[in-house]
Amino acid sequence: MSEAAEGGHARRAVVLGAGIVGVMTGLALQRQGFAVTLVDRDEPGRGCSYGNGGAISPDFCVPIALPGMLRRVPGWLLDPEGPLVVRWRHLPAALPWLIRWVRAGRLDRVEAYARALRALHAPSYARYREILGDRASGLIEMTGQIYVWRSQAAGPTEALSQRIRESHGVEARVLAAHEIRQMDPALEPGFIRGLYFPENGHTLNPLRLVQTLAAMLEEEGGRILRGTAEGFVVENGRASGLRCDGQTIAGDAFVLAAGIDSKSFARTLGDRVPLQAERGYHVMLPEPGVRPRIKISNRDHMFGLTPMEHGVRMAGTVEIASPDAPMDERRPRAMLAVAKRMYPGLNDKGAEFWMGSRPSTPDSLPVIDRASRAANVFYAFGHGHTGLTGAPLTGEIVAALAAGAVPPVDPVPYALSRFG
Ligand SMILES: Cc1cc2nc3c(=O)[nH]c(=O)nc-3n(C[C@H](O)[C@H](O)[C@H](O)COP(=O)(O)OP(=O)(O)OC[C@H]3O[C@@H](n4cnc5c(N)ncnc54)[C@H](O)[C@@H]3O)c2cc1C
C-alpha cells in the first residue's frame, strides 16, 4: 500500500502556490493517492507562470551560467537594449548570489548541472501531453524553436553550449540565412545564422495552461483555496498545518511551491536558500499583424517571440532587482524596439507590458528536497528560466518522495546540500 493511503484514508497534502509548479505537483500527488489542497493568494497561474515566454523545451540542458559568460556582461550592462540590468541599489543584497552564479559557471561544474537539467526536462512535453489528453490540442504544440543571430562570429559560450547539447543527444540543426528565411519569411533578412530545435515546443497560452491543469485537479477531487499563507505549524520535526489568513489548514504532507516567495518560508524551516529574483518582462501584442511561424529567440538580445492564441508575446531579459521594486518600462520598450526591427510592420497597438520574478538559483537547477526542520515539508521551487519546462518532473519527484515511492529520476542533484 502506498504511504499516501495508510489505514484506508487518503493522506492530505497541502501545496502552497498555484503556479505551474504547484499545480503540476498537486496533480502528481493525486496520482500518488493524496487528497490535495492547493493554496494561493490569487487565482491559479497569476504569479511568474502568467507571463512567461511559453517555451516547453525538453532540449534545454545548457545552464545559464557558463565559462566565458562574464566577458559578455560589461557589454550587456552598457547597452540600453541589452538583455541584462542590475539595479545598483539592490547590488549589496544580490552580491552573494552573483558570486555563487559566477562560481556555478566553472567548467568542472557545468557538466553535472547540464545532466541534471536534461533529466528534469527531457520528458516535459510528453508528460504534458499525457496529463492533458484531449485538452492538449490548441494549448501546447511541438513545432520546434529557432535561435537566430545577426553575426557569423560565434559568441564565447556557443561552442561549449553545442558540445553540451551533443553530449546529451540534443538535435540542434545549424541554419544558413536562406533556411532561416524559409522557416520564418516575415523575419528581417539581417539574421544570417541560426539553430533549429525540432524537439522543442511551446504553449499557446501559459495562463490557460495553468488554469486548465488546475481545473483538472479540482475535477479529480482536489481543492483550491484562496488565501495568503503566513507560515507552517511545526512541532517535533514535522509540520501539522499551514497558517493562512488566521486559520490553520491541517495536512500530513506539505509542499512549498511559492515561487520567489519560497525563500522566506524556507528560512523559517531552517534553510537559507540562495534564491534571487531574476526579473523578466514581456510585451503582449494582441493585433501584431505579422507573426513568427514558430517560437524564435533573438540570441543577440536574449529574448524570444512566441506566437500565441491571443497575439504575439516577446519575453525575456534579466533585471537583478528586488521582486517588489516597480516595473521599469524602459525594459519592455527596448524589447519592443528590437522586435520591430526584426519584424518590420509589427503592429504595437494595444501592447501590454508585464514584469515577473523568476525564482532563480545560481546553478539553474531547482530545489527539490525536504525542509531541514520539518521532514514532511517538501520544496519545489527555484526553477528560474525554465519552470514551465521543469514542472512536470518536479511534481512527480516531489509526489514520489512524499509517498515514499521511487522518484522517476535521482533527486540528489536538486537537493539543498549542494549549496554547502
Ligand atoms: C519573462 C519570463 C519568461 C519566461 N519564459 C519561460 C519559458 O519560455 N519557458 C519556461 O519553461 N519558463 C519560462 N520562464 C520561467 C517560468 O515562468 C518560471 O520558472 C515559473 O513560472 C515558476 O513557477 P512557480 O510555480 O515556481 O512560481 P509562480 O508562478 O510565481 O507561482 C508561485 C505562486 O505562489 C503564490 N504565493 C506566493 N506567496 C504566497 C503566500 N504567502 N500565500 C499564498 N500564495 C502565495 C503566488 O501567488 C503564485 O501564484 C520565464 C519567466 C519569465 C519572467
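These numbers come from the heavy atoms of this one structure, side chains and all, not from hydrogens, waters or symmetry mates. Here, residue 1 is the first one in the sequence, and each next residue gets the next number. As the structure lists them, so they are numbered: ligands from 1, and atoms in each ligand from 1.
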Can you tell me which portion of [X] lies within the under-4.0 Å heavy-atom range of ligand 1? Options are side chain, backbone, both, or neither.
{"X": "Leu16", "result": "side chain"}
{"X": "Arg279", "result": "neither"}
{"X": "Tyr281", "result": "backbone"}
{"X": "Leu388", "result": "both"}
{"X": "Ala391", "result": "neither"}

Below 3.5 Å, N or O to N or O, backbone or side chain included: is there any such pair between [X] and ligand 1?
{"X": "Glu278", "value": "no"}
{"X": "Gly384", "value": "yes"}
{"X": "Ala55", "value": "yes"}
{"X": "Gly53", "value": "yes"}
{"X": "Ser357", "value": "no"}

Any ion pair linking [Y] and [X] (charged N to carboxylate O, less than 4.0 Å)?
{"X": "Arg87", "Y": "Asp328", "answer": "yes"}
{"X": "Glu278", "Y": "Arg358", "answer": "no"}
{"X": "Arg226", "Y": "Asp40", "answer": "no"}
{"X": "Arg299", "Y": "Glu158", "answer": "no"}

Has [X] got any heavy atom lying under 4.0 angstrom from an atom of ligand 1?
{"X": "His282", "value": "no"}
{"X": "Arg358", "value": "yes"}
{"X": "Phe60", "value": "no"}
{"X": "Gly227", "value": "yes"}

inquiry  = I want to check a possible cation-pi pair here: Arg370 against Phe378, using under 6.0 Å from ring centre and within 45° of the ring axis as the test.
reply    =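 Ring-cation test returns no.
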query = Will you find, in the side chains of Glu319 and His90, an N or O donor that is under 3.5 Å from an N or O acceptor?
reply =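 No, because no side-chain N or O of Glu319 sits under 3.5 Å from a partner of the opposite role on His90.
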